[in-house]
Structure formats: structure tokens, C-alpha cells
Asks: 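Attaching a single structure in C-alpha cells format; questions to follow.
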Amino acid sequence: MIFRGIQKVTLLDYPEHVACTLFTGGCNFCCPFCQNASLVFDTSPVRISEAEVLFFLENRQGYLQGVCITGGEPTIHKDLPEFIAKVKKLGFNVKLDTNGTSPEMLRQLVESKLIDYVAMDIKHVKAKYTKATGILEGLLLEQVEESIDYLLRGVIEYEFRTTVVKELHSPEDVGEIARRIVGTPRYFLQNFRDNEEVIKKGFHGFDEREKKILLDAAKVWVPEVAFR
């Protein structure tokens, strides 16, 4: 695999782990509010080989506890399972960030015990998924729904999360998403933050008063909800 970046140390990306984060390039969504345009379109000039990543990890055994693999969308890379198997042999726990569009690979990774934690993004309510992702293919939405149902079975430790954007998400939307994932142990909201890498300009995050309204809407259905 080729990676587009490494965050060498993070205390935030992998709950209760000192970890590093690996960034893959390319994505099968084109969310207009995405903050990583160069990863989505795979135009980042950074190219880090699998061998370089494994060398980096070998030299941090005993220091780092986990590896978070994010993107882009990692599951579009067919050699992801083979790479993770090499990481697991080094003794690291692995967290996968995913948009849920590859339930087959998600199931394979879980059942092969290659991953230890999953963070799945839910972009919007079902009726507005196209607006939030820029994708018209109904099949991808079916795959997202399949991944949600799979994780709700409790087959692995996981979390759901949604990046909320003032122009796209209402309290009613957040409440509907939370109702869809009743039974989940945790649900995180991520407030949109503008930067130079955002795919489409003109979006805004929520202020503190508005954030509380969103939390209250979600807590009707999920007991543990927080902004991250």
C-alpha cells in the first residue's frame, strides 16, 4: 500500500491508546464539507511506502499501542487486509475509520481479528445522503446501511460519528440519525471546521448554544453523545 501521511503520535484518534494515524489516499465519496480534499482526490504529493510505514512501526514497538488507519476511505484499497495483518504481527491494536461502503471488507477484517475498533461515519439521514456525499449510487447507501446493522450487532468495539454542518444538518436530522443507531454505546458529533482543504467553501459550524440543541436531540435515542 501507499500512504499519503503519518501522524506520528495521537492521543485522540484511538480511544485510550497512544497511537499513530496512517492516511490513505482516495475516496468513493465526495462530501462537499470534507476537510481533506487532497486525500479524497489522491493529489497529495506525499507518498509513503508500506515498507517505510512498517519500519516506522517496528521502531516504536513498546511505545505506541495502536495504529489508526483513516483516509480518504481505507476500504477502497484491496490490499488493506494484507497490510493490517503485518501491523498486527508487530503487536499493535488497529482502529479503522470508514464510511461503511464496504461491509464485505469490514466483515472480513472483523472476523479475521485484524481490527480491534471501528469508527464509522454516518454522513446524514438516509433521504439526504446524496446531498452530503455527492454520490448518486443507491448501492453505496445500501452498503452503508448494511455496515450500520453489522456494527450494531456488537461484533467489535465501535463508535458512530457525524460531522455536523450548519447548512446541511438540523436538530431533527441528528435526532433521526440517532434513532437509526439505537443500541449503540456511543455516538460522537464533530463540528465542522473550515480550512484551506475543504472541498466546497461556504459552510459553517455550530455555536455552543446550537451544539447543545443537537446533543439534546441525539440523547433522546443514544445515552452517550458528545462533541469531539
Asks: Could you tell me whether the side chain of Tyr129 reaches within less than 4.5 Å of the side chain of Phe29, counting heavy atoms only?
Replies: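 They are in contact (side-chain heavy atoms under 4.5 Å apart), so the answer is yes.
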
Asks: Out of Thr43, Asn36, Asp42, which one pairs with Arg4 under the side-chain hydrogen bond (donor to acceptor under 3.5 Å, both in side chains) rule?
Replies: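 Among the candidates, only Asp42 passes.
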
Asks: Do the ring planes of Tyr14 and Tyr117 sit parallel (below 30°), tilted (30 to 60°) or perpendicular (above 60°)?
Replies: tilted

Asks: Applying salt bridge (charged side-chain N to carboxylate O under 4.0 Å, His left out), run through Asp216 and Lys211 and close with a yes or a no.
Replies: CA-CA 9 Å; Asp216 289 343; Lys211 287 165 62 177; over 6 Å; no

Asks: Working to the nearest 0.5 Å, report the span between CZ of Phe227 and CG of Leu215.
Replies: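 Going from the CZ atom of Phe227 to the CG atom of Leu215 covers 5.0 Å.
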
Asks: Show every side chain to side chain donor-acceptor pair (under 3.5 Å) that has at least one partner inside residues 218-228, sequence neighbours left out.
Replies: Glu159-Arg228

Asks: Between Lys86 and Asp79, is there a salt bridge with N-O shorter than 4.0 Å?
Replies: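 Salt bridge between Asp79 and Lys86, a charged N being under 4.0 Å from a carboxylate O: no.
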
Asks: Would a distance-only check, ignoring hydrogens and angles, find a side-chain to backbone donor-acceptor pair under 3.5 Å from Arg153 to Asp149?
Replies: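 Checking the backbone N and O of Asp149 against the side chain of Arg153, no donor-acceptor pair under 3.5 Å is found.
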
Asks: Does atom CZ (Phe55) have a neighbourhood of more than 12 heavy atoms from anything else shown, all under 6.0 Å?
Replies: no

Asks: Quick one: which residue pairs count as a salt bridge (Lys or Arg N to Asp or Glu O under 4.0 Å) with a foot in residues 99-115, not counting sequence neighbours?
Replies: Arg107-Glu146

Asks: Looking at the rings of Phe83 and Phe3, which for Trp means the six-membered one, are their centres under 6.0 Å apart?
Replies: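 Ring centroids of Phe83 and Phe3 are less than 6.0 Å from each other.
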
Asks: Would you call Lys95 and Asp13 a salt bridge, using N to O less than 4.0 angstrom?
Replies: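 Between Asp13 and Lys95 there is no salt bridge, as every charged N stays at least 4.0 Å from the carboxylate O atoms.
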
